[in-house]
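Here the structure is a predicted model, which is why all the values come from computation and not from measurement.
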Amino acid sequence: MRWLRSGANRELVLDWVFLVGVLFKALDGLVELVVGIPALFISKVQLIALAHALTSGELAEDPHDLIANLILHEAGKLGAAALVIGGIYLVVHGVVKVAIVAALFVGSTRIYPWAVGALTVLLIVQIVDLTVRFSVGVLLLSVLDAIIIALTLREWRHGRSLRDVVRARMPWLTRLRRSRSPAG
């Protein structure tokens, strides 16, 4: 890890962690929207039917499959109110995350304090959720959010937008866009 002691190498690694983390936040937000919106409108009967459809192939192969049985068990426990509350939770999280990533990509550094604030609020909610009901997935998302918050603060201090980081670490992308433009 001696190569990481060099300032240029450390900057390279931190830039890539920032880019990959922001990409992951965008994907995470989109998944939350894709799952959350239907959760607002699906009935318990439809959820159980969906769970059976998703797990039937696996259960035909192995009737004792842990994950498939867990999905069926959890789907049966959820009530209508839990579906709506879960849907609202996922939609709000998804919208906030996608909006943050979109705003960061637009290129304004003025969004950084808002992004840090919103991510901090989501992180606090996740930490509260962890104290009530531990989940490895939520723990990993919380750690990722904390890293993204720290790296966003770093970029804000440097006065660099997400586009600046993309240009610095992926110059081929900028050249590709120029070669495809009508003027190029």
Side-chain angles (χ1 to χ4, degrees), residues 13 15-106 111 114-152 162 165-166 169-170 173 176:
V13 169
D15 283 353
W16 277 106
V17 169
F18 180 63
L19 290 171
V20 170
V22 168
L23 175 65
F24 183 77
K25 278 285 133 200
L27 293 174
D28 179 38
L30 289 173
V31 167
E32 286 178 337
L33 286 171
V34 167
V35 172
I37 291 171
L40 294 172
F41 304 103
I42 194 169
S43 70
K44 182 173 179 162
V45 172
Q46 291 170 320
L47 177 66
I48 292 170
L50 178 63
H52 278 285
L54 291 174
T55 59
S56 63
E58 189 60 38
L59 289 173
E61 264 182 44
D62 177 12
H64 302 290
D65 184 275
L66 179 67
I67 294 174
N69 281 303
L70 186 61
I71 289 170
L72 288 175
H73 177 74
E74 292 300 318
K77 283 184 4 182
L78 285 177
L83 279 171
V84 172
I85 291 168
I88 291 169
Y89 179 85
L90 289 171
V91 168
V92 169
H93 268 225
V95 166
V96 168
K97 289 173 186 174
V98 169
I100 287 170
V101 172
L104 288 174
F105 195 73
V106 167
I111 192 62
W114 294 99
V116 167
L119 284 173
T120 301
V121 168
L122 292 177
L123 180 61
I124 291 167
V125 169
Q126 288 167 188
I127 290 170
V128 169
D129 191 31
L130 279 172
T131 60
V132 172
R133 181 178 25 119
F134 182 79
S135 162
V136 173
V138 174
L139 176 63
L140 293 174
L141 287 175
S142 298
V143 169
L144 177 65
D145 281 348
I147 292 169
I148 296 300
I149 290 168
L151 292 174
T152 302
L162 182 61
V165 179
V166 169
R169 299 305 169 200
M170 293 188 267
L173 190 60
L176 180 66

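- Of all the heavy atoms in Leu33 and Val91, the pair that sits closest is CD2-O, 3.7 Å.
- How far CG of Leu72 is from OG1 of Thr55: 3.5 Å, rounded to the nearest 0.5 Å.
- Note that the NE2 atom of His73 and the CG atom of Leu78 stand 10.0 Å from one another [nearest 0.5 Å].
- Remark: Asp129 engages Arg133 in a side-chain hydrogen bond (donor to acceptor under 3.5 Å, both in side chains) (not counting sequence neighbours).
- Taking every heavy atom of both residues into account, Gly87 and Ala39 meet most closely at CA-CB, 3.8 Å.
- Put simply, CG on Leu50 and CG on Leu54 are 4.5 Å apart, with the number rounded to the nearest 0.5 Å.
- Between Val17 and Ile148, the closest heavy-atom pair is O-CD1, 4.4 Å.
- Put simply, the side chain of Asp65 never gets that close to the backbone of Ala60: no donor and acceptor are under 3.5 Å apart.
- Around CG of Leu140, the count of heavy atoms belonging to other residues, nucleotides or ligands within 6.0 Å exceeds 12.
- The shortest heavy-atom contact between Ala53 and Ser56 is O-OG, 3.4 Å.
- Here the NZ-CD1 distance, from Lys77 to Ile48, works out to 13.0 Å after rounding to the nearest 0.5 Å.
- Of the listed residues (Val125, Leu130, Leu122), just one forms a side-chain contact (heavy atoms from CB on, under 4.5 Å) with Ser142, and that residue is Leu130.
- Considering all non-hydrogen atoms of both residues, Met170 and Trp16 come closest at CG-CH2, 3.6 Å.
- Here the options are Val20, Val96, Ile100, Asp145, the test is side-chain contact (heavy atoms from CB on, under 4.5 Å), and the partner is Lys25; only Asp145 passes.
- Although no hydrogens or angles enter the test, the distance criterion places no donor-acceptor pair under 3.5 Å between the side chain of Lys97 and the main chain of Leu30.
- The distance from atom CD1 of Ile71 to atom CG of Leu66, rounded to the nearest 0.5 Å, is 10.0 Å.
- Between Phe24 and Leu141, the closest side-chain pair of non-hydrogen atoms falls below 4.5 Å.
- For Leu123 against Ile149, the heavy-atom pair with the smallest separation is CD2-CD1, 4.0 Å.
- Using a 4.5 Å cut-off on side-chain heavy atoms (C-beta onward), Phe18 and Ile147 make no contact.
- Looking only at side-chain heavy atoms (C-beta outward), Val138 and Phe134 stay at 4.5 Å or farther from each other.
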